Amino acid sequence: MTSQLCHIERIIGDRAEPGLAHRLHHLAHEGRVETVTVAVADLPRRRFRAVTDQGTECAIALPRDTRLFDGAVLLLEDDRAIVVKVGEQEWLKLRPAEGFALELGYLAGNLHWRVRFADGHLLVAVDVPRERYLARIEEHLAAGRVTLVDG
Amino acid sequence: MSKGAARVGIGGPVGSGKTALLEALIPRLKARGVDLAVITNDLVTHEDAERLRRANLLDPSRVLAVEAGACPHTVIREDPTLNMEAADSLDRAFPGLQLILIESGGDNLASTFSLDLVDYWLFVIDVAGGDDIPRKRGPGILQCDLLVINKVDLHEHVGVDLPRMLEEAKAVRAGRPIVCTNCRKGDGVDQVADAICHAVLFQDA
Ligand SMILES: Nc1nc2c(ncn2[C@@H]2O[C@H](COP(=O)(O)OP(=O)(O)O)[C@@H](O)[C@H]2O)c(=O)[nH]1
Ligand SMILES: [Mg+2]
């Protein structure tokens with residue numbers, strides 16, 4: 001672990017860009033590509049501290065018009081690179097009982113949940129521990145108006 | 001576009017002590033050499049901005065007011081453009097600016113800040129709101145980067161079990177930081193300043 005902060009003030013590019021991919025490939029072979037994992041919910045952040053998988057402490061301060069993405073290259077030196085990895089988004093899959101879909105949709109909107117819809121199911125982005133979402137629909141789950149679908 | 005100043009939100013219910021926290025924070029941050037400005041979000045008047053300007057803690061031109069209208073959470077979450085424009089204008093007006101503190105208009109426990117607007121945000125609750133507040137798990141309490149429990153001087157007067165309130169807050173926040181303050185006296189405010197300086201200015205006292 002280094003105690004020195006690694007200051008990052010811009011995104012160099014996407015790891016998939018040919019020029020970058022080539023250099024990263026070589027560094028990766030030597031185990032010199034470090035990753036910073038950022039949760040989906042934290043992607044809009046421009047200024048924060050983060051620690052790479054190899055323990056490098058980073059002070060990230062990006063321009064306001066920049067947005068992080070999976071594969072963003074934050075540092076590229078002769079002997080080291082730092083790349084962003086976006087944490088996998090977990091979804092809660094909810095199935096409303098017949099006639100309850102509107103109400104469930106209203107509830108989700110009212111609670112400002114981030115949602116998607118897929119084949120009659122409501123997908124809720126898990127940004128805080130999943131129990132907290134379930135607690136809000138406890139009664140509906142118990143009464144069978146909403147079912148939690150696994151997977 | 002340059003990176004500009006760090007933007008820090010201060011949310012929480014009306015009367016919890018957001019403006020009082022600002023009043024206590026500003027001189028402490030200035031003493032640390034932080035170049036700062038403030039944006040207040042008042043419902044219809046510019047009361048908080050006027051209060052800060054009158055207190056003479058900052059040059060009045062460093063205190064901007066955004067009118068939140070009837071729905072204070074809208075301007076910090078769903079459509080923070082007014083606040084973003086105000087912050088951009090401060091960045092332009094004060095080139096060496098390091099920090100912009102944004103006080104929300106006061107809302108219920110559900111208010112959160114958009115990360116498009118701020119880099120880091122605090123949520124201020126007070127002990128007079130009752131020790132069961134953390135257990136109610138409002139999104140503000142759960143999701144903020146730093147939870148401030150203010151008016152700790154009042155806990156005995158309002159019959160609140162402060163240690164229990166803290167325990168519950170810790171439990172629902174899964175280890176994320178909490179600071180207890182008395183903004184009238186300034187207790188705990190240095191810790192809030194430390195947290196902000198560490199997290200977004202990358203400075204440790
Ligand atoms: N006793 C006590 N009163 C406080 C404290 N902080 C704020 N207050 C008072 O609480 C009231 C509301 O504070 P204010 O900062 O205007 O709340 P805001 O609506 O969240 O901005 C004011 O009368 C403050 O003087 C504190 O730590 N202890
Ligand atoms: Mg106020």
Side-chain angles (χ1 to χ4, degrees), chain A residues 2-12 36 38-51 56-69 72 74 84 86-87 106-115 124-138, chain B residues 1-9 73-74 76-78 80-81 83-85 87-88 90-92 98-100 107-121 134-145 171-176 195-204:
Chain A
T2 53
S3 57
Q4 217 187 337
L5 268 183
C6 177
H7 286 270
I8 289 164
E9 303 204 334
R10 70 187 185 101
I11 295 174
I12 294 162
V36 165
V38 180
V40 176
D42 287 327
L43 280 179
R45 286 191 198 262
R46 272 53 157 249
R47 237 176 211 275
F48 58 101
R49 283 174 174 259
V51 182
T56 304
E57 280 205 51
C58 304
I60 300 172
L62 302 171
R64 292 275 156 212
D65 55 359
T66 308
R67 197 182 161 101
L68 288 171
F69 53 89
L74 301 180
V84 171
V86 174
Y106 172 80
L107 190 79
N110 206 25
L111 292 166
H112 296 280
W113 288 351
R114 290 197 296 123
V115 300
V124 181
V126 180
D127 295 327
V128 298
R130 51 193 276 141
E131 298 73 50
R132 307 229 173 103
Y133 297 91
L134 298 176
R136 291 308 186 100
I137 52 169
E138 216 167 6
Chain B
M1 195 180 211
S2 79
K3 61 189 164 66
R7 299 176 182 181
V8 171
H73 62 244
T74 306
I76 60 166
R77 186 179 54 211
E78 287 85 357
T81 32
N83 273 303
M84 287 161 79
E85 281 165 10
D88 288 346
L90 286 168
D91 272 333
R92 283 191 300 272
Q98 292 171 285
L99 177 66
I100 300 172
D107 206 333
N108 53 31
L109 297 173
S111 59
T112 59
F113 274 88
S114 161
L115 294 176
D116 284 321
L117 173 62
V118 298
D119 302 307
Y120 183 89
W121 56 285
R135 216 172 344 113
K136 292 181 183 156
R137 303 167 178 215
I141 290 168
L142 299 178
Q143 293 171 28
C144 65
D145 295 300
V172 299
R173 281 176 58 72
R176 299 165 81 201
I196 293 172
C197 289
H198 175 81
V200 293
L201 299 182
F202 312 129
Q203 289 172 5
D204 290 312

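Excluded from the calculations below are hydrogen atoms, water molecules and symmetry mates; all remaining heavy atoms, backbone and side chain alike, are included. Sequence lines set the chain letters: A, B, ... in the order given, protein chains first and strands last, and positions in each chain run from 1. Just so it is clear, the model here is predicted, and its values are computed rather than measured.
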Report which part of [X] has an atom under 4.5 Å of a heavy atom belonging to chain A: side chain, backbone, both, or neither.
| X | value |
| --- | --- |
| Ala5(B) | backbone |
| Ala6(B) | both |
| Asp145(B) | side chain |

**Sidechain-backbone polar pair: Arg46(A) side chain, Thr66(A) backbone, donor-acceptor under 3.5 Å** =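 Yes; at least one donor-acceptor contact below 3.5 Å.
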**Prompt:** Tell me, side chain or backbone of Arg10(A) under 4.5 Å from chain B's heavy atoms, or both, or neither?
**Reply:**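 Contact with chain B involves no heavy atom of Arg10(A) at all.
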**Item:** Contacting moiety of Ile60(A), where chain B heavy atoms sit under 4.5 Å
**Value:** backbone
**Request:** For the pair His7(A) and Phe202(B), name the ring-plane relationship: parallel under 30°, tilted 30 to 60°, perpendicular over 60°.
**Result:**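 The arrangement is perpendicular - the two ring planes meet at more than 60°.
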**Item:** salt bridge (charged side-chain N to carboxylate O under 4.0 Å, His left out) between Asp88(B) and Arg7(B), intermediate numbers included
**Value:** CA-CA 10 Å; Asp88(B) 288 346; Arg7(B) 299 176 182 181; 2.8 Å; yes
**Prompt:** Looking at Arg64(A) and Asp119(B), does any basic side-chain N land under 4.0 Å from a carboxylate oxygen?
**Reply:** yes
**Request:** Give the C-alpha distance, both sets of side-chain angles, the deciding distance and a yes or no for side-chain contact (heavy atoms from CB on, under 4.5 Å) between Leu74(A) and Leu68(A).
**Result:** CA-CA 10 Å; Leu74(A) 301 180; Leu68(A) 288 171; 4.1 Å; yes
